Amino acid sequence: MAVFDISRRIFGSSKDPYNHLPDIVEWLSENVGEYYGKGEDPVLRIGSGWQISTSREPYYDEESGGGVIVSFHLDITDEQKSTLFALKWA
């Protein structure tokens, strides 16, 4: 079982601000397992052998006062398919 932090793919960057969630879900459906649909919080999307979920961590700093850091994680249960994902997306 491998868990990937895919936050930068979801949030994008200044060079690539596009949200890749639809592309990732399509790829997972074709290469890992059938897409079942949206899950219940914190699971965003779920399929056969994989799921994309969020985590929320509170933070505090003196300048901004604080807030919440949201990150996105992909869990793939098959080791070979997780390696394939890493080669394609990581």
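Scope of the values below: all heavy atoms of this structure, side chains included, with no hydrogens, waters or symmetry mates. We count residues from 1, following the sequence as given. Just so we're clear, the structure is a prediction, and the values are computed from it rather than from any experiment.
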Legend entry - Atom of I76, atom of F4 and distance for their closest heavy-atom approach: CD1-CE1, 4.1 Å
Legend entry - Spacing of Y59 atom OH and D61 atom CG [to the nearest 0.5 Å]: 5.5 Å
Inset, instruction - Indicate yes or no: at least one non-hydrogen side-chain atom of V32 is less than 4.5 angstrom from one of L84. - result: no
Legend entry - Side chain R56, main chain V68, donor-acceptor under 3.5 Å: no
Legend entry - N/O donor-acceptor pair under 3.5 Å between S29 side chain and E26 backbone: no
Legend entry - Atom pair CZ (R45) and NZ (K38), whose distance is rounded to the nearest 0.5 Å: 5.0 Å
Inset, instruction - Provide the closest heavy-atom pair for F72 versus S7 in the form atom of the first, atom of the second, distance. - result: N-OG, 2.9 Å
Inset, instruction - Among L74, I24, D75, find the one that has a side-chain contact (heavy atoms from CB on, under 4.5 Å) with W50. - result: L74
Inset, instruction - For the pair W27 and F85, evaluate ring pair (Phe, Tyr, Trp, His ring centres under 6.0 Å) and give the outcome as yes or no after the intermediate values. - result: CA-CA 9 Å; W27 187 90; F85 177 84; 5.7 Å; yes
Inset, instruction - Find the distance between CG (L44) and NE2 (H73) and round it off to the nearest 0.5 Å. - result: 10.5 Å
Inset, instruction - Work out which heavy atom in D23 is nearest to a heavy atom in W89; give both atom names and the distance. - result: CB-CH2, 3.8 Å
Inset, instruction - Hey, could you give me the CD1/CD1 distance between I52 and I6, rounded to the nearest 0.5 Å? - result: 4.5 Å
Legend entry - Single-linkage hydrophobic cluster, 4.5 Å side-chain cutoff, V43 and Y36 together: yes
Legend entry - ILVMFWY network linking I46 to Y35, side-chain heavy atoms under 4.5 angstrom: no
